[in-house]
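One structure is given here, and the rest of the page talks about it.
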Amino acid sequence: MATDALMQLQTFTEIAPLRQQIQAWRSAGERIAFVPTMGNLHDGHLSLVHVAKQHATRVVASIFVNPSQFGPKEDFASYPRTLAADQALLASGGCDALFAPTVATMYPTSSSPPLHTANAPSFAIDVGAIGTILCGAVRPGHFSGVATVVAKLFNIVQADVAVFGEKDFQQLLVLRKLVHQFNFPLDIVGAATIREASGLARSSRNQYLSSEEREQARVIYATLLQMRDMRQRGVDAEQVQAQALITLQTAGFNPDYAVTRDAQTLDLISISSKIEVAMIAARLGKARLIDNIYWNS
């Protein structure tokens with residue numbers, strides 16, 4: 001059965017044949033959903049495929065480790081490439097097509113991988129202020145790299161809907177703004193974060209954790225719950241954030257931030273905020289982990 005499913009998954013490395021297949025589906029009246037990924041897939045990614053299947057008759061996934069969103073000291077070179085395992089997982093989830101382009105296909109004018117701090121693409125999208133805060137402050141240029149490659153992928157696939165995980169909450173807001181500002185004719189759907197039994201959010205970077213660190217990492221979700229509970233009791237946001245940083249540092253993390261923000265804008269909480277989000281980014285050993293939860297104010 002697994003072999004039969006894998007045979008049903010069409011893998012494309014070039015744009016033209018992928019578009020030809022998508023056009024054939026469209027001519028048959030089918031609706032297309034798109035799930036962009038960087039590969040090294042796990043159950044969290046598979047949940048995105050399942051959500052996509054609820055919104056369309058055909059699901060296209062992509063695997064592309066995008067060099068323009070990695071900084072010079074980040075893990076671009078070592079980021080796991082597991083194409084065969086990824087193909088099997090996508091096939092098991094009922095994905096119809098996989099687009100797995102090379103860097104040369106995605107950045108045809110670049111002679112080498114366009115790391116955003118060294119050899120950026122000739123054309124790149126500036127996402128504005130939302131790309132300079134939180135993860136954007138820690139990883140300068142990251143969201144420009146994300147927005148640029150996703151815009152290219154949207155143009156290549158031309159789907160009706162695209163699905164992204166809510167774990168990357170800031171990225172999700174950036175991409176919603178991208179679609180709005182550039183009038184892409186597709187809907188963005190956010191899919192709920194998939195967690196391990198401990199509460200740890202599923203992530204490809206969890207594999208960098210030792211068994212002891214994986215046990216420590218459950219503190220992130222527990223801290224998010226604590227932040228939410230404090231805010232719902234009326235505790236001031238600055239006090240909530242200060243306590244969260246202490247909790248993380250005491251547990252052995254090196255936090256980049258632990259904040260509560262307006263979930264629709266990532267602005268500071270105000271009386272007009274209808275939904276709040278608690279967000280954490282913290283380093284533990286070799287891994288940088290991010291997570292969030294949100295609730296009605």
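- For Glu238, there are no salt bridge (charged side-chain N to carboxylate O under 4.0 Å, His left out) partners at least two apart in sequence or on another chain.
- A donor-acceptor distance shorter than 3.5 angstrom exists from the side chain of Gln170 to the backbone of Cys135, with no hydrogens or angles considered.
- For the pair Arg19 and Gln158, the tightest heavy-atom approach, listed with the atom from each and the gap, is NH2-NE2, 4.1 Å.
- Phe169 and Ile220 are assigned to two separate hydrophobic clusters, defined by single-linkage of ILVMFWY side chains at heavy-atom distances under 4.5 Å.
- For the 3.5 Å distance criterion, the side chains of Thr250 and Thr247 fail to qualify, holding no donor opposite an acceptor.
- Summarising the geometry, atom CG belonging to Leu153 is positioned 8.0 Å from atom CZ belonging to Phe64; distances are rounded to the nearest 0.5 Å.
- Annotation for Ser62 and Pro36: closest pair OG-CA, 3.2 Å, computed over non-hydrogen atoms.
- For the pair Ala124 and Ser144, the tightest heavy-atom approach, listed with the atom from each and the gap, is CB-OG, 3.9 Å.
- We find the CD1-CG distance between Ile156 and Leu18 to be 8.0 Å, quoted to the nearest 0.5 Å.
- For residues 180-204, every residue pair satisfying the side-chain hydrogen bond (donor to acceptor under 3.5 Å, both in side chains) rule, not counting sequence neighbours, is listed here: Arg195-Asp291, Glu196-Arg214.
- Listed by chain and residue number, Leu224, Met227, Thr260, Ile293, Trp295 satisfy the side chain to side chain contact (heavy atoms under 4.5 Å, CB included) test with Ala278 (two or more places apart in sequence, or in another chain).
- With sequence neighbours excluded, no residue forms a side chain to side chain donor-acceptor pair (under 3.5 Å) with Gln171.
- Atom CG of Leu98 sits about 6.5 Å away from atom CG of Leu83, to the nearest 0.5 Å.
- Hydrophobic cluster membership differs between Leu289 and Tyr79, with clusters built from Ile, Leu, Val, Met, Phe, Trp and Tyr side chains linked at under 4.5 angstrom.
- Applying the side-chain hydrogen bond (donor to acceptor under 3.5 Å, both in side chains) test to every pair with at least one member in residues 227-236, sequence neighbours left out, gives these pairs: Arg231-Glu276.
- Distance alone, capped at 3.5 Å, places no donor-acceptor pair between the His55 side chain and the Ala52 backbone.
- Note on Val240 and Val219: same hydrophobic cluster, where clusters join Ile, Leu, Val, Met, Phe, Trp and Tyr whose side-chain heavy atoms are under 4.5 Å apart, directly or indirectly.
- Residues satisfying the side chain to side chain contact (heavy atoms under 4.5 Å, CB included) test with Ala159, not counting sequence neighbours, are Ile32, Phe34, Val157.
- Salt bridge present: Asp160 and Arg26 bring a charged side-chain N and a carboxylate O closer than 4.0 Å.
- Taking the salt bridge (charged side-chain N to carboxylate O under 4.0 Å, His left out) definition, one finds that Arg81 meets it with nothing, sequence neighbours left out.
- Ring orientation note: the planes of Phe154 and Phe164 are nearly perpendicular, at an angle over 60° on the 30°/60° scale.
- Following chains of ILVMFWY side-chain contacts shorter than 4.5 Å, one can reach Val174 starting from Ile133, so the two form part of one hydrophobic cluster.
- Two residues are said to be in side-chain contact when any heavy atoms from C-beta on lie closer than 4.5 Å; Met38 and Ile63 fail this criterion.
- Although no hydrogens or angles enter the test, the distance criterion places a donor-acceptor pair under 3.5 Å between the side chain of Arg176 and the main chain of Ile188.
- Counting all heavy atoms, side chain and backbone alike, Val51 lies closest to Ala191 at CG2-CB, 4.0 Å.
- With sequence neighbours left out, the side chain to side chain donor-acceptor pair (under 3.5 Å) criterion links Asn206 to no other residue.
- Checked against salt bridge (charged side-chain N to carboxylate O under 4.0 Å, His left out), Arg205 has the following partners two or more places apart in sequence or in another chain: Asp75.
- In this structure, NZ in Lys274 is found 7.0 Å from CD in Gln264, a value given to the nearest 0.5 Å.
- Residues satisfying the side chain to side chain donor-acceptor pair (under 3.5 Å) criterion with Thr13, sequence neighbours excluded, are absent altogether.
- Judged as a side chain to side chain donor-acceptor pair (under 3.5 Å), and not counting sequence neighbours, the contacts of Glu215 are Arg218.
- Checked against salt bridge (charged side-chain N to carboxylate O under 4.0 Å, His left out), Arg31 has no partners two or more places apart in sequence or in another chain.
- At least one donor-acceptor pair under 3.5 Å links the side chain of Ser297 to the backbone N or O of Ser273.
- Judged by distance alone, the side chain of Ser47 and the main-chain N or O of Gly44 form a donor-acceptor pair under 3.5 Å.
- Within 6.0 Å of the OH atom in Tyr294, the count of heavy atoms belonging to other residues, nucleotides or ligands does not exceed 12.
- Interatomic distance, CZ of Phe12 versus CD1 of Ile22, reported as 8.0 Å (0.5 Å rounding).
- Two residues are said to be in side-chain contact when any heavy atoms from C-beta on lie closer than 4.5 Å; Arg261 and Leu134 meet this criterion.
- To the nearest 0.5 Å, atom OG1 of residue Thr82 and atom CD of residue Gln87 are 10.0 Å apart.
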Trace of the side-chain contact (heavy atoms from CB on, under 4.5 Å) decision for Leu266 with Met279: CA-CA 10 Å; Leu266 296 189; Met279 305 173 66; 3.7 Å; yes

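- No chain of hydrophobic side-chain contacts below 4.5 Å, direct or via other Ile, Leu, Val, Met, Phe, Trp or Tyr residues, connects Ile269 to Ile275.
- Minimum interatomic distance between Ala258 and Leu248 (heavy atoms only, all atoms of both residues): CB-CD1, 4.0 Å.
- Residues Gln207 and Asn40 have side chains that bring a donor and an acceptor to within less than 3.5 angstrom of each other.
- Closest approach of Ala281 to Ile290, counting heavy atoms only: CB-CG2, 3.7 Å.
- Side-chain contact of Asn66 with Tyr107: a donor-acceptor pair under 3.5 Å is present, judged by distance alone.
- Lys152 places a side-chain N or O within 3.5 Å of a backbone atom of Met106 that can act as its donor or acceptor partner.
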